[in-house]
**Q** 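I'd like to ask some things about the structure below.
Each chain gets a letter, A, B and so on, in the order its sequence line appears, and its residues count up from 1. Note: hydrogens, waters and symmetry copies are ignored here, and every other heavy atom, side chains too, is used.
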Number of protein chains: 2
Amino acid sequence: MHMRMTSQREIILKELQDSHQHLTADELYERVKKFMPRISLATVYRNLETLSEAGIIGKLEISGRQKRFDADVHPHDHIFCLQCQRVDNIEFDRNLVNPAAVASDKGYRITGYRVEFKGICSSCRNNQEKKRDGDEQ
Amino acid sequence: MHMRMTSQREIILKELQDSHQHLTADELYERVKKFMPRISLATVYRNLETLSEAGIIGKLEISGRQKRFDADVHPHDHIFCLQCQRVDNIEFDRNLVNPAAVASDKGYRITGYRVEFKGICSSCRNNQEKKRDGDEQ
DNA sequence: ACCCCTTATAATAATGATTATCAATTGTAA
DNA sequence: TTACAATTGATAATCATTATTATAAGGGGT
Ligand SMILES: [Mn+2]
Ligand SMILES: [Mn+2]
Ligand SMILES: [Zn+2]
Ligand SMILES: [Zn+2]
């Protein structure tokens, strides 16, 4: 249950927190290398796993793509852009979902759930419009 | 938009339909081999992709695990067992989620969403209980 | 039946993300 | 300071999936 806060671990955590984004392991690896040029990608993966197991960070497993990590551990949901892959938090009232109401179904004991939205982010939409305007000339 | 219904494609589709399960590509491969011993795993993957693009079957991308395929294409949600990996349909009233209500958020144009429950299925719970009873002796 | 063209197949290589291995290093506590 | 456990960096291995490619069907039109 306990865990040592190594310098690698600390920098990885701090970079994730400061980013205010949902980063992948290799994105974090690139950032952390600026401070620790000799760090290994495996160390980044290992520590992200350790941190998420300890509940210090969250691990996002979005439909068929790379894992992303989240410094914000309070229960919340996400939306991802089908075009640029970015992942953002989304305001969704989780009280609307009542696990107890579906619990009897198939005899499962439900331990959690998540709501995953997908769509096109504003910057990708802007790019599309620019492109379309250009084509019309 | 059109597509030929080859014998491989037909058997893969029929096996998925008859299974009444959410099978993975390699599970289907094992089943289809009984009828077509020379079929290639790549053919199974290729056809599942083609069929799902044509909207004839659904593709389920569950949190960080193998893709599963679904002969039932009507919009519905799923629950998976953390222990044995099985995936079942779940009764969840999708009217409770209103994409328009969260659409303004971050400027996304939302094109879809899914609700993913996780838990322990009844047979895995029974196994746990049996095991616990045994330990108490 | 034959030719042509497109699509699909089987076999296999390649890819990408993640995890495993392991010898070397570091931290901690007696 | 020694002794042990935890961690690291480097790299190999794994797993699911996709790409490649030479070969084989499918289906008109003749
Ligand atoms: Mn988040
Ligand atoms: Mn289903
Ligand atoms: Zn985007
Ligand atoms: Zn189970």
**Q** Under a plain distance cut-off of 3.5 Å, with no hydrogens placed, do A:Asp26 and A:Gln66 share a side-chain donor-acceptor pair?
**A** yes

**Q** Atom pairs, N/O to N/O, protein against nucleotides 1-3 of chain D, distance under 3.5 Å?
**A**
none

**Q** What heavy-atom pair brings A:Ile57 and A:Leu13 nearest, and what distance separates the two atoms?
**A** CG2-CD1, 3.6 Å

**Q** Could B:Lys106 and A:Glu91 be called an ion pair, given the rule that one side-chain N must be under 4.0 Å from one carboxylate O?
**A** no

**Q** Between atom OH in A:Tyr29 and atom C1' in C:dT18, what is the gap in whole Å?
**A** 15 Å

**Q** Decide, yes or no, whether a salt bridge links B:Glu30 with B:Lys33 under the criterion of side-chain N to carboxylate O below 4.0 Å.
**A** yes

**Q** Over all strands shown, is B:Asn47 touching base, sugar-phosphate only, or nothing at heavy-atom distances under 4.0 angstrom?
**A** sugar-phosphate

**Q** Would you verify whether the NZ or CZ of B:Arg94 falls within 45 degrees of the ring axis of B:Tyr113 while also being under 6.0 Å from that six-membered ring's centre?
**A** yes

**Q** 5'-most contact on DNA chain C: B:Arg4 or A:Arg68, nearest heavy atom basis?
**A** B:Arg4

**Q** Just how large is the angle between the end axes of the helix from C:dA1-D:dT30 to C:dA30-D:dT1, five pairs per end, to 10 degrees?
**A** 20°

**Q** I need the CZ-C1' distance between A:Arg38 and D:dG9, as an integer number of Å.
**A** 8 Å

**Q** Taking side chain to side chain donor-acceptor pair (under 3.5 Å) as the test, write out the residues that go with B:Asp70, two or more places apart.
**A** B:His22, B:His76, B:His78

**Q** Looking at residues at least two apart in the chain, or sitting in another chain, which of them share a salt bridge (Lys or Arg N to Asp or Glu O under 4.0 Å) with B:Glu10?
**A** none

**Q** Round to the nearest Å and state the distance from A:Gln8 atom CD to D:dA10 atom P.
**A** 11 Å

**Q** For C:dA10 and B:Thr43 - does any side-chain N or O of the residue sit under 4.0 Å from the phosphate oxygens OP1/OP2?
**A** yes

**Q** With sequence neighbours excluded, what pairs up with A:Ser63 under the side chain to side chain donor-acceptor pair (under 3.5 Å) test?
**A** A:Glu116, B:Arg114

**Q** Answer whether the closest heavy-atom distance between the side chains of B:Arg68 and B:Glu27 falls below 4.5 Å.
**A** yes

**Q** Before accepting this row, confirm whether a basic side-chain N of the pair B:Glu53/B:Lys59 lies closer than 4.0 Å to the acidic partner's carboxylate O.
**A** no

**Q** Would you mind checking if A:Arg65 and B:Glu61 are paired as a salt bridge, meaning a charged N to carboxylate O distance below 4.0 Å?
**A** no

**Q** In whole Å, what is the span from the CD1 atom of A:Ile11 to the P atom of D:dT7?
**A** 16 Å

**Q** Could you state the atom-to-atom distance from CD of B:Glu27 to P of D:dA16 in whole Å?
**A** 11 Å

**Q** Considering every strand and a 4.0 Å limit on heavy-atom distances, what is the contact class for A:Thr6: base, sugar-phosphate, or nothing?
**A** sugar-phosphate

**Q** Judged by each residue's nearest nucleotide on DNA chain D, which is more toward the 5′ side, B:Arg65 or A:Ile39?
**A** A:Ile39

**Q** Hey, what are the protein-to-nucleotides 19-25 of chain C N/O distances that come in under 3.5 Å?
**A**
none

